[in-house]
Amino acid sequence: MMSNHNQAPEQDQLYRIRHSAAHVMAQAVLEIYPEAKIAIGPPIDTGFYYDFDLGKTEEGKVRTFSSEDLEQIEKRMRQIIAGKHPFVFREVDAAEARALFSDQPYKLELIAGLEKGEVDEYGNEVKDKPAISTYRQDTFEDLCRGPHVEHTGQIPPDSFKLMSVAGAYWRGDEHNPMLQRIYGTAWRNKKDLNEHLQLLEEAKKRDHRKLGRELEIFIFEEEVGPGLPLWLPNGGVIIQELERLAVEVEQQAGYQRVKSPHLAKEDLFLHSGHLPYYAESMYPPMELEGVRYYMKPMNCPFHHKIFGAKPRSYRDLPLRLAEYGTCYRYEKSGELFGLMRVRSMQMNDAHIYCGEDQFEQEFMGVIGLYRQYFNLFGIDRYVMRLSTHAQKGLGKKYVDNQRLWLKTEDMVRRAMDNGGVPYVEVPDEAAFYGPKIDVQIWSAIGREFTLATNQVDFAVPARFDLVFTNREGKEETPLCIHRAPLSTHERMIGFLLEHYAGAFPVWLAPEQVRVIPITMEHNEYAERLALELQATGVRSDADLSSERMNAKIRNAQLMKVPYMLVVGDQEVANHAVALRKRDGSRINDLPFGAFLELVKQNIASRSSDL
RNA sequence: GCCGUUGUAGCUCAGUCGGUAGAGCGGCGCACUCGUAAUGCGCAGGUCAAGGGUUCGAGUCCCUUCAACGGCUCCA
């Protein structure tokens with residue numbers, strides 16, 4: 001989950017409780033595993049963690065915590081807390097610190113970093129050379145900047161819980177050894193803890209993987225392959241509606257639609273720079289008649305070719321090419337996550353080719369699209385993130401041209417500032433061909449994802465020799481803006497499932513109306529209504545099963561169908577319906593014609609109300 | 001990819017000490033014809049993820065592989 005209290009969290013009592021709980025946990029672990037090496041243990045948004053290296057077993061396998069260990073550690077923590085041991089602060093010089101932690105290699109590494117003034121005790125970069133300090137409680141002394149509660153008794157013993165064990169790389173680098181991390185959650189009081197645990201339960205209910213199965217949106221089939229979703233008919237409807245929306249909006253914004261194949265020869269991706277910079281995320285090639293082909297991980301090279309299909313003049317610019325392109329990326333197995341992280345994906349992609357003088361307007365036009373969409377979906381919990389390059393990645397992660405990096409980053413910054421768009425800046429997160437603005441959102445269980453993206457490409461058009469003739473009659477290389485405001489179908493629908501908790505607005509709902517006859521005698525009328533609705537483009541079905549009316553209503557409710565039309569003798573007589581909306585509200589004896597108008601209006605306006 | 005956990009019917013799960021598999025929901029059939037969140041009865045449905053091993057005997061114990069889940073790393 002996010003925490004929005006950014007000013008001096010260290011001053012917060014809750015921060016101190018969590019930080020102190022981490023120390024107490026480390027003490028408990030060291031008592032149980034005296035040979036354990038301790039790494040770092042910071043407070044986090046919902047609690048704390050601490051990383052340990054437990055060494056190897058006799059067979060040479062990495063020693064890990066068991067769930068029984070967690071119980072024992074938690075029990076021991078409560079004993080330490082009951083001891084009301086004071087947290088004692090002291091400053092030490094580097095030599096003292098090294099002596100103190102002589103048998104703790106991770107701490108020694110941290111001390112070396114502190115000494116050089118590069119990083120703090122959590123491995124984060126710092127500006128000023130920090131003082132080296134420790135905190136001690138009971139038998140445990142840790143390298144630490146603090147602050148802590150005054151004594152262990154101030155950690156409420158009934159308001160924390162050890163949650164899980166996980167592997168985590170030392171300093172977050174996959175080349176480093178993997179440590180054992182214990183996550184705990186800690187709160188001011190028992191009530192807050194219970195609320196947090198309940199929130200986790202609620203989040204599970206709106207997890208898109210659960211809803212996707214229940215509402216028959218998508219499935220994964222083992223024989224098809226990991227990360228390769230199958231869209232069920234209900235999912236197909238949502239895809240169709242999203243594409244309809246995109247086509248409409250993009251047409252108005254001056255885009256042209258194009259179409260490109262799912263694979264291409266090696267040469268194209270060598271040319272684009274994908275193979276040099278992006279090969280790790282691509283499916284391995286297939287070879288036919290001596291030629292290697294790759295599934296496309298992005299659509300840009302194809303669009304570049306379309307740009308280059310004929311000579312372009314400044315009069316053609318900006319040229320906006322749009323495609324819901326299907327891309328394939330070989331995400332590492334452990335990175336897959338329901339629909340949010342898959343290996344085949346359909347992107348709301350487009351590339352805008354423009355001159356430098358048109359950049360700001362085009363860029364802001366795209367930001368405007370984002371806002372239009374987010375407004376439509378009621379997405380208000382997001383952060384715009386400007387991702388820039390890092391010098392150390394030039395030539396490896398990034399195209400090697402620092403001058404252009406700095407220049408384009410500056411252009412983006414200026415455009416965002418001029419447009420009054422708030423954003424945070426993160427170095428070393430850019431695409432290989434340029435800086436990008438990502439829109440970050442959170443899944444139901446609190447994991448962060450990039451939903452939409454907007455990237456500037458100063459490199460690849462030149463690699464493809466893309467030019468246009470400018471007003472002076474000279475050739476000029478266009479800039480390219482990559483943008484995907486509706487993300488991919490996979491991530492967007494995964495997100496929307498959670499965002500709406502499965503209760504889609506009418507225009508997106510796979511089934512918009514279900515007609516429910518009260519007895520068999522009303523079947524014919526019900527079916528006639530359903531057909532009439534279908535004929536006007538409303539997705540509707542009549543439930544002619546032998547269930548009782550109550551069961552039919554329940555089934556429609558469970559599938560989150562927005563409108564239920566209950567029809568019996570009275571409705572047949574009046575050519576009317578008894579409308580029950582998904583939220584439980586009812587309008588009885590509504591003339592069918594009036595209902596038809598109501599639905600059509602609601603769908604046409606893509607309303608978020610029922 | 002790495003660390004940990006888990007794989008039993010379409011779904012959610014039970015299965016004791018190793019003795020050849022069970023429930024609810026769902027599906028199908030029959031009966032019921034009902035006014036705003038579950039009508040009753042019956043039937044079908046399983047290579048216990050896959051492969052190997054230990055054992056007289058494996059859903060259960062061991063190994064390998066695959067997949068999912070919680071994290072780390074990485075991303076739309």
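Labels below follow one simple rule: chain letters A, B, ... track the order of the sequence lines, proteins then strands, and each chain is numbered from 1. What's counted below: heavy atoms across the whole structure, side chains too, no hydrogens, waters or symmetry copies.
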At under 4.0 Å between heavy atoms, what does [X] touch on the DNA or RNA strands: base, sugar-phosphate, or nothing?
X	result
A/Arg209	sugar-phosphate
A/Glu547	base
A/Asp569	base
A/Thr453	sugar-phosphate
A/Lys436	sugar-phosphate
A/Met347	nothing
A/Arg447	sugar-phosphate
A/Glu448	base
A/Ala556	nothing
A/Gln455	sugar-phosphate
A/Leu179	nothing

With the threshold set at 4.0 Å, does a side-chain nitrogen-carboxylate oxygen contact exist between [X] and [Y]?
X	Y	result
A/Arg343	A/Glu331	no
A/Asp438	A/Lys436	yes
A/Asp428	A/Lys397	yes

Review point. Can a cation-pi geometry be assigned to A/Arg181 and A/Tyr50, taking NZ or CZ under 6.0 Å from the six-membered ring centre and within 45° of the ring axis?
Key: no

Point to revise | Quiz item: cation-pi between A/Arg329 and A/Tyr283, 6.0 Å / 45° | key: no

Counting heavy atoms from C-beta on, name the nucleotide in [options] closest to the side chain of [X].
X	options	result
A/Tyr169	B/U33, B/A38, B/G1	B/G1
A/Glu335	B/A37, B/A76, B/G1	B/G1
A/Thr64	B/A31, B/G4, B/G70	B/G4

**Study point:** Paired stretches of RNA chain B - 3 or more consecutive Watson-Crick or G-U pairs, each distance under 3.5 Å
**Key:** B:1-7 with B:66-72, B:10-13 with B:22-25, B:27-31 with B:39-43, B:49-53 with B:61-65

Would you tell me if any nitrogen or oxygen in the side chain of [X] comes within less than 4.0 Å of OP1 or OP2 on [N]?
X	N	value
A/Arg586	B/G35	no
A/Arg554	B/G26	no
A/Arg580	B/A37	yes
A/Arg213	B/U12	yes

Check your understanding: Is the number of heavy atoms from other residues, nucleotides or ligands within 6.0 Å of CD (A/Gln198) greater than 12?
Key -> no

Exercise for review: Would you kindly give the CG-to-P distance between A/Leu558 and B/C11, to the nearest whole Å?
Suggested key: 18 Å

Revision key, fill the gap. On RNA chain B, more 5' by nearest nucleotide between A/Ala484 and A/Ser546 is A/Ser546

**Study point:** Centroid separation A/Tyr398 to A/Phe432 less than 6.0 Å
**Key:** no

